[in-house]
There are 2 protein chains.
Amino acid sequence: MNNILSKVVFDVKESTYVKDPQTSELGNRILESSIDLINEIGFDSFTFRKLAQSIKSVEASIYRYFESKHKLLLYLTTWYWSFTEYRLEFTLANVEAPDDRLKRAIHLLTSEIEEGFSGLNIDVIKLSSIVIIESSKAYLTKDVDQENEAGIFLGYKHLVERVGEIVLEINPEFKYPNMLISTVIEGAHNQRFFAEHLPRLTNQVKGEDAICEFYQKMVFKTITK
Amino acid sequence: MNNILSKVVFDVKESTYVKDPQTSELGNRILESSIDLINEIGFDSFTFRKLAQSIKSVEASIYRYFESKHKLLLYLTTWYWSFTEYRLEFTLANVEAPDDRLKRAIHLLTSEIEEGFSGLNIDVIKLSSIVIIESSKAYLTKDVDQENEAGIFLGYKHLVERVGEIVLEINPEFKYPNMLISTVIEGAHNQRFFAEHLPRLTNQVKGEDAICEFYQKMVFKTITK
DNA sequence: CAATAATAATAGTATTACTATCAATAATCA
DNA sequence: TGATTATTGATAGTAATACTATTATTATTG
């Protein structure tokens, strides 16, 4: 499982920060508090000034870690994709049957994170809320090509391709594995948001996880010859 | 087809503007130029100052039409959904078989607009590019609940439900018609963006319209018992 | 103990997202 | 036609944002 924390993934994140926030106390406070604050007020209203106040520091100090709030969002999302791939490897370990592997992968990508992960300074439950609402803003910009060249989206692409490969194990002739998986990932985010804010756009019912069930069925029916 | 231009739809847009831009020359220039400008520089870099310069007017005059650039984006997207529903009615007219109806609807929702529409002051091809890149920013905000209550997203919801009903004609037991259709609409936007900027997230090939084909197959396989 | 690195404190700039005021012009209606 | 009213333009101004720069203070390490 060490290959997940390999140099490539690490490199991805490097281009999102000026100084690695995980290496200092202030840096870790920046991460923790930014996750809280973005959750509270939303990324659009989030500013480095407000963040500085909440950690009792100053703007200038935050800029030593991140060039801009956009870069911070990139950091958080790429961290999340790394983390998701890590969980994926765990979920797939020792599971041989491609059908089971895919089923587990789709479940991972579409269900809500409920358990916190101890030993992490990052609150993954809160972070996953941020990813649902804000992650598309990380790439829906005019800088996307430049940032893509810098390797920032490698983690996300890798995750999609990883699950896409399982699809191909089941049906090697299926022409659109990545399209299917990225549709599932982004779709599940959208549907969670819709369930909470625009319920007429979805069919999620409180209590049960229709989103998970829907995408499971959608994937398996779609890839079956 | 008049019901599409009914009071409800009109009301939706009312809450997005201060003064109806379609009723004056300046208003129309605002619409035309904002579409050009957002296409050129992206919504994030787009400001009313830049827009004012491009139409040789001043910021204050634009504020007489739209409260903020966010409201202008809401106007453009709701206009687009109205327009899409109008095209949908046309596409479905005199087509009886539910399968054909759904096929045509999905094609409309996932294919690229290629023909301009004469008689419109709004460039729908450019507008559809904006919708692909920027429309999710219209609802991924902290104001979404308030704006939803004001009826701003009625057009989008109506469109989703309209196509969802066709799904139910084909399979009345299908539990997730709206989830499926909103997945298709948002998915098709994402995939077009990915094809251009993050191609490893998709499987679109230059030339052919894999996106359209993929979602057609996905929909019909998913709803089949 | 000295050197170095990290942070805090303060200040400052350009841009953004507005609001307010008033003059100039165009449309309309009596 | 002339008076009224609505619309736009010109100008100014404010608070907030997104930074950059400088210098003092504190903590770390060699």
Spacing between B:Asp44 atom CG and D:dT17 atom P, to the nearest angstrom: 16 Å
4.5 Å side-chain heavy-atom contact, A:Tyr156 and A:Ser135: no
Atom pair distance, as rounded to whole Å: CZ in A:Phe66 and C1' in D:dA18: 16 Å
Whole-Å distance separating the NE2 atom of B:His70 from the C1' atom of C:dC18: 16 Å
Pair assignment for C:dC18, Watson-Crick or G-U wobble, requiring both distances under 3.5 Å: D:dG13
By ring pair (Phe, Tyr, Trp, His ring centres under 6.0 Å) - contacts of B:His189 (at least two apart): none
Partner of B:Phe66 under side-chain contact (heavy atoms from CB on, under 4.5 Å), chosen from B:Leu74, B:Val18, B:Leu31: B:Leu31
Distance, rounded to the nearest Å, where A:Phe48 contributes CZ and D:dA16 contributes C1': 16 Å
Gap between atoms NZ and C1', on A:Lys71 and D:dA18 respectively (whole Å): 14 Å
Electrostatic pair A:Asp44-A:Lys137, nearest N-O below 4.0 angstrom: yes
B:Tyr63 side chain, from C-beta outward: closest of D:dC19, C:dT19, D:dT17: C:dT19
Protein proximity profile, nucleotides 7-14 of chain D - base contact B, sugar-phosphate-only contact S, no contact -, cut-off 4.0 Å on heavy atoms: SBB-----
Aromatic plane relationship, A:Phe90 with A:Tyr86 - under 30° parallel, 30 to 60° tilted, over 60° perpendicular: tilted
B:Asp143 CG to C:dA17 P, straight-line distance once rounded to whole Å: 15 Å
Rounded interatomic separation in angstrom, taking CG from B:Asp20 and C1' from D:dA6: 16 Å
Under-4.0 Å salt bridge between A:Glu196 and A:Arg192: no
Spacing of A:Lys50 atom NZ relative to D:dA18 atom C1', expressed in whole Å: 13 Å
